[in-house]
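First up is the structure itself, then whatever we jot down about it.
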Amino acid sequence: MSQTPDSAVRTYIEQHRAAFLDDLTAWLRIPSVSAQPDHAPDVRRSADWLVTKLRETGFPTAEVWPTAGAPAVFAEWPSDDPDAPTVLVYGHHDVQPAAREDGWDSDPFEPVVRGDRLYARGAADDKGQVFFHTLGVRAHLAATGRTTPAVHLKLLVEGEEESGSPHFRALVEERADRLTADAVIVSDTGMWSEDTPTVCTGMRGLAECEIRLHGPDQDIHSGSFGGAVPNPATAAARLVAALHDEHARVAIPGFYDGVVELTDRERELFGELPFDEAQWLRTAKSRAAHGEAGHTTLERIWARPTAEVNGIGGGYQGPGSKTIIPSSAMVKLSFRLVAGQEPAQLEKAVRAWAAEQVPDGIRHEIAFGSATRPCLTPLDHPALQSVARAMGRAFEGPVRFTREGGSGPAADLQEVLGAPVLFLGISVPSDGWHAPNEKVELGLLLKGVETSAYLWGDLAEHWRGTP
């Protein structure tokens, strides 16, 4: 099954390239900005458009799934092989806000091709990467002579990812019986570079909290009371100072409990990537690399947990001086979590640590927001190997492995459905996600189509849902 004739796939893609891009352009014209209430009708229109197009593609089931917020789209195309694995593709159809005055060279919702690049909001994040699966499955069928995919194929295309996916987990839990899958393919990610195709194997989780510290019931005179009562701003500074040790390790007791360490092979694979730290620092607008001792920069941002101070404040911050002991202060913290860490355990550890740090006479409150769990797929997982083989065929060369330091809703799918999460994306850093002049490289977009065309047969042949 995996031996889909490469030439047949490429010929089919080339023959249907123009129609594919015309359809994608039409979808990109819909300003499905989930973060702006005025665009709620557009988000619904985007979902309706996609349902129509998926039915035209051949999916016998394609539905709009309402949520308490923006709608999602579900589609299903069963294989005629009852023993075939079931694969769920995840992506999102909502986009970030965009306006010409933000610095765009053209209207962000009027797609334009310049050279071999398609510019529009959503071109890479994430409509382009969702849509390449529609041509990919048709190329798979045409090249193999099949009338149904080699796998039981499902799609779930969210409408609120750019707004933090506030209703996504509830949707997955409510519809878990329809979403059952042996593996999840997330096409909302990228590659290392145009000439270094890569497959992401994991994403970090995220937990956030705000700590508020209260001292005197009001601001008081620092001459009359200073040195004799506790200062909440000083307590906030000491709290932040105690967050890391001299080796830049997080000093919260129990923070590293359960962390899945990098294997020697993973460290070797990270080391094979053409990483230019000086260039990375320029991109980061920073002057020096810093982090946990004993780990490289890539290991720190992909595979190590972190604690960061996102904000700190308290007391007078206006012009001149105001000699007070402030009544209150605050610290905002975020934690990136890796495989083996649980948000609930992290919250328990942070609360215990803060209680130890705060001096007598200072009352503190901690509020945690919703958390995202980390996800990781082992390098030797057979489904991951299918993704790597399919991409290697499309790019006609070796495929390397990365992780991503950010967080997303993939962990909810992994946790609720009990299925491994795999990442298939063709976007590159220069695509400018969330920035003016977002674009997608058309050559890479079509490589995504080709990878999708090869993947379903490879999964059917090499994996039957056995982890």
Side-chain angles (χ1 to χ4, degrees), residues 23-57 59 61-76 88-99 108-109 111 120-134 153-179 181 184-189 203 370 372 406-417 421 423-425 427 433-434 438 440:
D23 285 339
L24 175 58
T25 296
W27 195 21
L28 292 170
R29 287 195 178 100
I30 302 174
S32 49
V33 182
S34 61
Q36 296 177 336
D38 288 350
H39 283 292
D42 295 315
V43 180
R44 174 64 199 226
R45 186 157 58 96
S46 170
D48 291 338
W49 185 96
L50 181 57
V51 163
T52 298
K53 192 54 59 177
L54 290 173
R55 289 172 180 164
E56 291 176 6
T57 297
F59 282 85
T61 298
E63 305 166 351
V64 172
W65 280 1
T67 74
V73 169
F74 172 78
E76 184 173 14
L88 172 68
V89 175
Y90 166 85
H92 62 91
H93 67 95
D94 64 319
V95 299
Q96 281 280 313
F109 295 106
R121 177 58 89 223
D125 181 24
D126 183 39
K127 289 180 177 177
Q129 300 203 90
V130 168
F131 203 60
F132 73 57
H133 287 290
T134 62
L153 186 59
K154 300 179 181 181
L155 269 67
L156 179 61
V157 187
E158 186 188 358
E160 292 186 308
E161 195 274 344
E162 299 293 6
S163 296
S165 303
H167 304 101
F168 182 69
R169 186 181 179 95
L171 176 68
V172 175
E173 290 174 339
E174 177 187 349
R175 305 277 193 162
D177 58 330
R178 300 281 304 276
L179 296 171
V184 176
I185 303 290
V186 173
S187 285
D188 183 23
T189 185
M203 297 183 75
S370 59
T372 302
S407 304
D412 287 329
L413 291 165
Q414 178 177 265
E415 185 176 4
V416 176
L417 303 181
V421 171
F423 297 87
L424 170 56
S427 183
W433 291 25
H434 299 196
E438 177 185 346
V440 69

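Being a predicted model, the structure only gives us computed values, none of them experimental.
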**Message:** Can you give me the closest heavy-atom contact between Val186 and Thr189, atom names plus distance?
**Reply:** O-CG2, 4.0 Å

**Request:** Identify, with sequence neighbours excluded, every residue that meets side-chain contact (heavy atoms from CB on, under 4.5 Å) alongside Asp42.
**Result:** Ile30, Pro31, His39, Arg45

**Asked** Which heavy-atom pair separates Asp125 from Glu162 by the least distance, and what is that distance?
**Response** OD2-OE2, 2.8 Å

**Fill in**
Between Ser34 and Gly159, the two heavy atoms sitting closest are CB-O, 3.4 Å

**Request:** Rounded to the nearest 0.5 Å, what's the gap from NE2 on His133 to CD1 on Ile185? Could you check?
**Result:** 7.5 Å

**Item:** Side-chain touch Phe168/Leu156, heavy atoms, less than 4.5 angstrom
**Value:** yes

**Prompt:** Among all residues two or more places apart in sequence or in another chain, which pass the salt bridge (charged side-chain N to carboxylate O under 4.0 Å, His left out) test with Glu161?
**Reply:** none

**Prompt:** Can you name the residues that form a side-chain hydrogen bond (donor to acceptor under 3.5 Å, both in side chains) with Ser165, not counting sequence neighbours?
**Reply:** Glu158

**Prompt:** How far does CG of Asp48 sit from NZ of Lys53, to the nearest 0.5 angstrom?
**Reply:** 13.5 Å

Side chains of residues 169-177: which donor-acceptor partners sit under 3.5 Å, not counting sequence neighbours?
| from | atom 1 | to | atom 2 | distance (Å) |
| --- | --- | --- | --- | --- |
| Arg169 | NE | Glu173 | OE2 | 3.0 |
| Arg169 | NH1 | Asp412 | OD1 | 2.9 |
| Arg169 | NH1 | Glu415 | OE1 | 3.1 |

**Request:** Could I get the full list of side-chain hydrogen bond (donor to acceptor under 3.5 Å, both in side chains) partners for Trp49, not counting sequence neighbours?
**Result:** none

**By salt bridge (charged side-chain N to carboxylate O under 4.0 Å, His left out) - contacts of Arg178 (at least two apart)** = Glu63

**Asked** Which residues pass the side-chain contact (heavy atoms from CB on, under 4.5 Å) test with Ala99, sequence neighbours left out?
**Response** Glu101, Asp102

**side-chain contact (heavy atoms from CB on, under 4.5 Å) involving Ala181 - partner list, sequence neighbours excluded** = Thr86, Leu88

**Asked** Would a distance-only check, ignoring hydrogens and angles, find a side-chain to backbone donor-acceptor pair under 3.5 Å from Glu438 to Trp433?
**Response** no

**Request:** Work out which heavy atom in Leu54 is nearest to a heavy atom in Ala62; give both atom names and the distance.
**Result:** CB-CB, 4.1 Å

**Asked** So how far is it from Thr134 OG1 to Phe59 CZ, rounded to the nearest 0.5 Å?
**Response** 8.0 Å

**Item:** Test item: Val130 and His93 side chains (from C-beta on) under 4.5 Å apart, heavy atoms
**Value:** no

**Prompt:** Between atom CG of Leu179 and atom CD of Glu76, what is the distance when rounded to the nearest 0.5 Å?
**Reply:** 9.0 Å

**Complete:** When rounded to the nearest 0.5 Å, the distance separating OG1 of Thr57 from CG of Leu50 is 8.5 Å

**Fill in**
Heavy atoms of Met203 and Phe423 approach each other most closely as SD-CE2, 3.4 Å

**Message:** Could you report the tightest heavy-atom contact between Ala120 and Leu28, atom names first, then the distance?
**Reply:** CB-CD1, 4.0 Å

**Asked** Donor-acceptor pair, Asp126 side chain versus His92 backbone, under 3.5 Å?
**Response** yes

**Asked** Which distance, rounded to the nearest 0.5 Å, do you find between the CG of Leu155 and the CZ of Phe74?
**Response** 8.5 Å

**Request:** Quick one: list whatever passes side-chain contact (heavy atoms from CB on, under 4.5 Å) with Ser32, sequence neighbours left out.
**Result:** Val43, Ser46, Val95, Lys127

**Message:** Quick one: does any side-chain atom of Gln36 pair with a main-chain N or O of Pro97 as donor and acceptor, under 3.5 Å?
**Reply:** no

**Residues which pass salt bridge (charged side-chain N to carboxylate O under 4.0 Å, His left out) with Arg55, listed by chain and number, not counting sequence neighbours** = none

**Request:** Name all residues meeting the side-chain hydrogen bond (donor to acceptor under 3.5 Å, both in side chains) criterion together with Thr67; count only those two or more places apart in sequence or in a different chain, and write none if there are none.
**Result:** none

**Item:** Donor-acceptor under 3.5 Å (Ser187 side chain, Leu424 main chain)
**Value:** yes

**Prompt:** Where the side chain of Arg44 meets the backbone of Pro71, is there a donor-acceptor pair that is under 3.5 Å apart?
**Reply:** no

**Item:** Pairs flagged by salt bridge (charged side-chain N to carboxylate O under 4.0 Å, His left out) wherever residues 88-97 is involved - sequence neighbours left out
**Value:** none

